[in-house]
Number of protein chains: 2
Amino acid sequence: MSLSIGQVAERTGLSVHALRFYEQEGVFVDPVRRGPGGRRVYSQDDVDWLTVCIILRTSGMPLPALRRYADLVREGAGNEEERLALMREHQERVTGQIGRLTQCLDLIGFKVGVYEDLLDEARPAVEPGRPRPSDGGAAPASTPGTSA
Amino acid sequence: MSLSIGQVAERTGLSVHALRFYEQEGVFVDPVRRGPGGRRVYSQDDVDWLTVCIILRTSGMPLPALRRYADLVREGAGNEEERLALMREHQERVTGQIGRLTQCLDLIGFKVGVYEDLLDEARPAVEPGRPRPSDGGAAPASTPGTSA
DNA sequence: GCTTGACCTAGAGCCGACTCCAGCTCCTAG
DNA sequence: CTAGGAGCTGGAGTCGGCTCTAGGTCAAGC
């Protein structure tokens, strides 16, 4: 089954520009075939490969690394150690990134909490018996920058 | 306590360039004070604020949003809803991002697994009685792009 | 008095990853 | 036969977020 660049763009979500750009950057494992009039013809394999590429890109793999990976695959069997190394390296970067984001999420959640408390403390007339959210939540010493 | 730009750079990890750039971009809540000779003088509050900024930036908040947030804080009390909205929006972006990365990590982990299997299947001389890791692991129909 | 080093400003440059443009070729339908 | 649409190429432009340069001020130390 073969697809035009437009069709591939449609089903991968990449733009036709990006597809040509990727090709030029050596991201494809085998050269994209050409049909009559020099038009690009993509196979299902190409699309599958692109799917992988998209996932790697989405997770922050830079284009040069993607190209490197494509190079290795193009070379064929025998370089699996290097492919593995590349993947592992990326894996670590991604887990690291997730870790970092999760930490950030802590502060963000804290801030959200502070503003929520602030707002539903200010709005409903305070019921006398109801235990107020314990004070100091806005700026505990351990949490920086809570003054805002 | 007051710090020079160099000292702030040192303890935040930002470059002096970045600090001046952030200032120019309106990221600071109050204008950075100036000492003799027009030199910037930072307070602990400035550093605390920067710490928050760094966390927000690290988690992918774009500078314009950061500036917006600073604007709100500068305005003072009364716009907490908007601050909350801003934070919540960011919170969602970050959780979304974590989700996406975690998904990607699936494929990456899968790939790593494939290469590991491939390698320790090829290297140690196969012991006759040992059950080989069941075949087909390299390209199950459900997992795209496993041909590489 | 000269160098060194930290700082200042305004503005240019860079990097990654596209995105868009000009000017062309085809093919198909009206 | 001509207008539209999809595709082609090479190269320029964009955007975000810094990073660096040039040219200058100032204070301290030799």
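Just so it is clear: chains get the letters A, B, ... in the order the sequence lines come, proteins before strands, and each one is counted from 1.
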What is the distance from [atom1] of [X] to [atom2] of [N], rounded to the nearest Å?
X: R20(B); N: dT19(D); atom1: CZ; atom2: C1'; result: 11 Å
X: H17(B); N: dT19(D); atom1: NE2; atom2: P; result: 8 Å
X: Q24(B); N: dC20(D); atom1: CD; atom2: C1'; result: 14 Å
X: I5(B); N: dC18(D); atom1: CD1; atom2: C1'; result: 14 Å

Q. Would you say the side chain of P62(A) lies within less than 4.5 Å of the side chain of R93(A), judging by non-hydrogen atoms?
A. yes

Q. Do the side chains of V8(A) and D46(A) get nearer than 4.5 Å, heavy atoms only?
A. no

Q: Any chance you could lay out the ring-ring contact (aromatic ring centres under 6.0 Å, His included) test for W49(A) and Y42(A), step after step, and finish with the verdict?
A: CA-CA 11 Å; W49(A) 174 253; Y42(A) 296 85; over 10 Å; no

Q) What is the minimum heavy-atom distance between R74(A) and V29(A), and which atoms define it? A) NE-O, 2.5 Å

**Q.** NZ/NE/NH1/NH2 to OD/OE distance under 4.0 Å, R88(B) and E80(B)
**A.** no

Q) With a 4.0 Å cut-off, would you call E23(B) and R34(B) a salt bridge? A) yes

Q: Classify the side-chain pair Q97(B)/R100(B) by whether it contains a donor and acceptor separated by less than 3.5 Å.
A: yes

Q. Does G37(B) or S15(B) map to a spot on DNA chain D nearer the 5' end, using the closest nucleotide for each?
A. S15(B)

**Q.** Below 4.0 Å: OP1/OP2 of dT9(D) and any side-chain N or O of R40(A)
**A.** yes

Collect all protein-nucleotide pairs involving nucleotides 13-17 of chain D in which both atoms are nitrogen or oxygen and the distance is under 3.5 Å.
| unit_1 | atom_1 | unit_2 | atom_2 | d |
| --- | --- | --- | --- | --- |
| dG17(D) | OP1 | R57(B) | NH1 | 3.3 |
| dG17(D) | OP2 | L63(B) | N | 3.3 |

Q | R33(A): partners by side-chain contact (heavy atoms from CB on, under 4.5 Å), with sequence neighbours left out | A | S2(A), V41(A), S43(A)

Q: Name the residue closer to the 5' end of DNA chain C, choosing between L14(A) and R39(A) according to the nucleotide with the nearest heavy atom.
A: L14(A)

Q | Nucleotide range of DNA chain C lying under 4.0 Å from chain B heavy atoms | A | dA6(C) to dT9(C)

